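Atoms within each ligand, like the ligands themselves, are counted from 1 in listed order. The residues of the chain are indexed from 1 along the displayed sequence. Treat the numbers as computed from the prediction; the structure is a model and nothing was measured.
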Amino acid sequence: MLAPVRFEGEVRLITQEIWADVLGYVRKNITEVEYHTWFAPMKNLGVQEGSLVLGVRNSFAQDFVRRQYQGLLEDALRSLGAQHPQVSFQVLPAVQEAMILPQDPPPPPSPPGGKPPPRSPVILVPGENRKTLNPKYTFENFVVGPNNNLANAAALAVADAPGKAYNPLFIYGDVGLGKTHLMHAVGHYMAERFPEKRIEYVSTESFTNDLINAIRDDRMTQFRNRYRSVDLLLVDDIQFLGGKERTQEEFFHTFNALYESHKQIILSSDRPPKDIETLAGRLRSRFEWGLITDIQTPEFETRVAILKMNAEHNRIDIPQEVLELIARQVTSNIRELEGALMRVVAFASLNNVPFSRAVAARALSNVFTPHEVKIEMMDVLRQVASHFNLPPDVIRGSGRVREVVVPRQVAMYLVRELTSHSLPEIGQFFGRDHSTVMHAVSKVTEQLGKDEELTAALDTLRRQIKGVEDEEIGA
Ligand SMILES: Nc1ncnc2c1ncn2[C@@H]1O[C@H](COP(=O)(O)OP(=O)(O)OP(=O)(O)O)[C@@H](O)[C@H]1O
């Protein structure tokens with residue numbers, strides 16, 4: 001997802017997602033010919049000292065693009081929130097240039113009317129059996145929480161005893177919750193232990209397209225060999241089989257062939273087999289033969305842990321409170337959660353400012369509207385505790401000295417104001433009953449306007465809790 005780039009000085013990153021937004025903006029403002037000539041081959045090299053560095057093929061392109069398009073690129077960055085956008089260009093060394101060209105040469109054409117050339121014998125080189133797997137999607141990189149621990153345990157069991165533990169393993173859940181990641185993790189695990197095993201990962205869409213092409217080109221034997229000779233078959237988004245009779249028929253035979261020879265099958269779907277409409281009964285029942293497990297949306301702590309792991313992975317030093325703010329804003333899709341983190345990283349890099357809650361709130365304000373920010377009681381407690389320089393547990397504890405009582409009342413007051421929790425819920429959180437909360441709220445209300453220090457503290461705290469401090473974000 002990220003394009004981490006090491007520079008001599010500061011290491012900065014910019015996401016492919018942001019780069020895609022920049023390209024989208026540019027494309028709307030120039031002709032297609034210009035776009036394909038100058039922008040399609042460009043490479044995003046990341047951000048260095050607030051400047052977006054773009055790789056171009058040679059010094060001619062460097063001069064031309066600088067003269068013609070620098071302003072447009074800066075406008076694009078401005079539209080994404082950069083306050084002082086800067087763009088610079090670097091001629092790519094030959095190796096990096098190669099990376100922007102298509103990786104695989106096109107397949108040689110089949111001789112007209114003749115059979116396709118025979119397949120050369122397959123020699124597996126290390127890693128060859130997992131070339132369709134995303135290197136990032138391993139068990140080590142999978143954060144386990146209450147939302148996915150069953151699916152994770154099932155995947156581990158399958159990885160340990162492929163074809164024996166649960167066959168098929170059927171993982172379902174909403175978009176972007178880690179189904180593909182877990183499937184690939186099994187693949188990596190198996191590839192490491194058994195380098196000679198054949199592993200095939202395919203989306204249902206690719207399986208369908210392969211089938212259509214095989215029928216069209218009269219290559220059904222090849223098609224069948226490909227899918228029926230594997231040791232581990234991973235099929236993503238199997239719900240797309242619904243309504244495709246011919247593909248279902250072919251998949252049915254593939255499934256049987258693998259199952260009968262004790263080869264492992266893992267399927268992912270956005271819903272359980274019983275909810276896949278127009279799926280042939282015999283396939284549905286086969287999908288139910290093994291184990292069906294789901295992945296739910298992750299809770300707050302798991303979301304923070306995922307962000308933390310991502311940041312560490314990319315060597316980004318980002319404060320916990322910023323991660324927490326991001327985790328509160330994106331609650332239901334881990335792909336979006338990771339995108340939000342990268343948006344914040346890119347925003348801070350482009351504006352050359354350190355990470356803070358304010359920067360994160362600004363970076364995400366175009367994507368997530370403030371009313372979506374859900375404030376938790378713990379947020380309020382943490383901010384109040386840090387404002388008064390007390391540990392959160394002391395505020396919730398039994399201390400009755402003024403230095404603790406006032407912050408406790410302020411915390412209760414702000415929880416009442418900023419969350420929708422009821423008085424008894426707030427009381428329970430603070431280990432008190434609801435009448436204590438009512439008392440705290442009226443005590444603080446009484447002081448408002450009279451006690452300037454308290455009023456100012458409340459204002460600051462409110463802004464901090466909402467992540468909208470008024471600090472100037474520009475460099
Ligand atoms: N528990 C987790 N720990 C770490 N990263 C995770 C976790 N769950 C998901 N991710 C990350 O979230 C992103 C989306 O995950 P993935 O593609 O596996 O989702 P999916 O459920 O297959 O989505 P879709 O239904 O769109 O195919 C990936 O980058 C993945 O690494």
Side-chain angles (χ1 to χ4, degrees), residues 1-4 13 15-18 20 130 132-156 158-159 168-189 199-208 232-242 265-273 275-276 287 292-314 316 318 323 326-327 329-346 367:
M1 174 183 51
L2 268 176
L13 309 151
T15 64
Q16 293 304 353
E17 194 189 333
I18 299 277
R130 54 169 136 175
T132 52
L133 303 178
N134 183 326
K136 184 199 145 199
Y137 292 178
T138 60
F139 281 118
E140 296 81 65
N141 290 341
F142 193 74
V143 175
V144 181
N147 64 312
N148 60 21
N149 60 355
L150 289 179
N152 181 64
L156 274 169
V158 161
L169 174 63
F170 191 103
I171 307 172
Y172 75 91
D174 275 342
V175 174
L177 292 184
K179 304 181 293 291
T180 309
H181 188 137
L182 260 190
M183 290 176 122
H184 284 214
V186 176
H188 284 298
Y189 189 92
I199 298 164
E200 186 79 47
Y201 164 80
V202 69
S203 66
T204 301
E205 199 190 349
S206 303
F207 183 87
T208 309
L232 173 64
L233 180 64
L234 311 168
V235 187
D236 224 341
D237 293 321
I238 200 77
Q239 75 275 5
F240 290 131
L241 271 190
I265 303 158
I266 308 184
L267 308 169
S268 92
S269 166
D270 67 356
R271 63 199 86 167
D275 294 342
I276 304 178
F287 291 173
I292 301 176
T293 180
D294 67 334
I295 302 187
Q296 299 283 335
T297 49
E299 43 297 290
F300 175 69
E301 288 76 10
T302 310
R303 299 200 300 276
V304 174
I306 291 172
L307 288 173
K308 205 167 188 163
M309 194 191 64
N310 246 282
E312 278 166 12
H313 224 240
N314 291 299
I316 305 165
I318 186 161
L323 297 180
I326 300 170
Q329 298 216 20
V330 188
T331 56
S332 60
N333 179 329
I334 299 174
R335 195 174 294 116
E336 280 181 9
L337 185 70
E338 293 177 333
L341 171 66
M342 291 316 146
R343 208 160 257 282
V344 171
V345 172
V367 192

Within 4.0 Å of some non-hydrogen atom of Asn148, the atoms of ligand 1 are 1 (N)

Asp236 N/O to ligand 1 N/O under 3.5 Å: no

### Message
I'd like to check whether Gly176 has a polar contact with ligand 1, where a contact means an N/O of the residue lying under 3.5 Å from an N/O of the ligand.
### Response
yes

Min heavy-atom dist Asp270 to ligand 1 below 4.0 Å
no

Angle between ring planes, His181 versus Tyr137, binned at 30° and 60°: parallel, tilted or perpendicular? parallel

Subject >> Side-chain donor/acceptor of Asn314 to backbone N/O of Asn310, under 3.5 Å >> reply: yes

**OP:** Give a yes-or-no answer on whether the side chains of Thr208 and Glu205 include a donor-acceptor pair shorter than 3.5 Å.
**Re:** no

If we ignore hydrogens and angles and just use 3.5 Å, is the side chain of Lys179 paired with the main-chain N or O of Ile295 as donor and acceptor? no

Legend entry - Under 3.5 Å: N/O of Val143 near N/O of ligand 1: yes

Ring pair (Phe, Tyr, Trp, His ring centres under 6.0 Å) filter on Phe207, not counting sequence neighbours, yields Phe223, Tyr227, Phe251

Counting from 1 in the order shown, the ligand 1 atoms closer than 4.0 Å to a non-hydrogen atom of Val175 are 23 (O), 25 (O), 26 (O)

Counting from 1 in the order shown, the ligand 1 atoms closer than 4.0 Å to a non-hydrogen atom of Leu177 are 8 (N), 9 (C), 19 (O), 20 (P), 21 (O)

Ile306 N/O to ligand 1 N/O under 3.5 Å | no

inquiry  = Checking Asp236 against Ser268: is there a side-chain donor and acceptor pair closer than 3.5 Å?
reply    = yes

For Tyr137, the ligand 1 atoms with a heavy-atom partner under 4.0 Å come out as 17 (O), 28 (C), 29 (O), 30 (C), 31 (O)

- Message: Does the plane of the ring in His184 sit parallel, tilted or perpendicular to the ring in His188? Use 30° and 60° as the thresholds.
- Response: perpendicular

Atoms of ligand 1 under 4.0 Å from any heavy atom of Lys136, numbered from 1 in the order shown, are 28 (C), 29 (O), 30 (C), 31 (O)

Check: Any donor-acceptor pair under 3.5 Å linking the side chain of Thr204 with the backbone of Asp237?
Finding: yes

Requested in this report: Decide whether an N or O pair under 3.5 Å exists between Gly178 and ligand 1.
Outcome: yes

